[in-house]
Amino acid sequence: MRIDVVSIFPEYLAPLDLSLVGKARQSGLVDITVHDLRDWTSDRHRTVDDTPVGGGAGMVMRADVWGRALDEVLQPGATLVIPTPSGRTFNQREAEDLARRERIVFACGRYEGIDGRVARHYRGADYHVEELSIGDYVLNGGEVATLAMIEAIARLVPGMVGNPESLVEESHGAAGLLEYPVFTRPTTWRGLDVPEILLSGHHANIERWRRDEALERTAQLRPDLIAALAKSQGLSARDLRALSDAGFENPS
Ligand code: JB8
């Protein structure tokens, strides 16, 4: 997989040298290049922005500069990801989808964002263009959102995670639920005991306990996920009984 990032703050992407993503880059599994948008400016001040047409606060990133950069960096068949708070929300499904692409280019905006014609132009030129938000809050630019998305995508690339078992468990263990709590030694810490069932060695009981913990935690914190699972037949009769025993309303 090849990933390019275009930004006016290339140093913001330095964490991509670290940890699992850094190792994947060193092993050649993921090839990441960070570009400085100002390399495609043509004036003495290396200007990338201008005032908004129609008025309003702040500055807008110029289509001409982005066009020169993307004409050079985007290869045929590539996906263009534009982080923006007005995009569709990036989630695990999007990460799985993007992990299957051969080439992705992230265009990191700043100020009030990138001239709206840039996304339209590359869509019209038959690129996959995804305007994506990482959540309902506003950052100062697309760089941190890009870091989050690259980390979520890269760990799904086959051969990437040190322990492939952990990915398998994630996808079919408690699909659509929050994770159950985890513990390690010592079994007593500051007067708090690890749940006894986890020390029993009874794997079927442990699995059931973990499923119940995941269900309860999800019902408490993310009732929207319980409703979605109920709608898609993702809850067994046993799951429904566990939720009812824990005092939650029947989600159907
Ligand atoms: C200017 O919150 B965000 C985000 C905010 C931004 C830009 C891109 C993304 C560009 N502000 O994800």
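Whatever order the structure lists them in is the order used to number ligands and atoms, beginning at 1. Given the structure is predicted, the values throughout are model-derived calculations rather than measurements.
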Practice item. Determine, using heavy atoms of Pro83 and all atoms of ligand 1, whether some pair is separated by less than 4.0 Å. Key: yes
Quick note on ligand 1: atoms under 4.0 Å from a heavy atom of Tyr111 include exactly 1 (C), 11 (N)
* Asked: Heavy-atom count around Tyr12 OH within 6.0 Å, excluding the residue itself: above 12?
  -> no
Greater than 12 external heavy atoms within 6.0 Å of Arg120's CZ:
no
*Report yes or no: does Ile134 have a heavy atom closer than 4.0 Å to ligand 1?*
no
Nearest heavy-atom contact between Pro83 and Gly142 is CG-O, 3.8 Å
protein heavy-atom neighbour closest to atom 5 (C) of ligand 1 works out as Leu139 O, 3.3 Å
With Ile226 as partner, the option from Leu177, Asp239, Leu221 fulfilling side-chain contact (heavy atoms from CB on, under 4.5 Å) is Leu177
Numbered in order shown, the ligand 1 atoms found under 4.0 Å of a heavy atom of Tyr137 are 2 (O)
At under 4.0 Å between heavy atoms, what of Thr84 touches ligand 1? The answer is backbone
Only residue of Glu130, His128, Arg101 satisfying side chain to side chain donor-acceptor pair (under 3.5 Å) with Thr79 is Arg101
A student checking ligand 1 against Gly142 at a 4.0 Å heavy-atom cut-off should list atoms 7 (C), 8 (C), 9 (C)
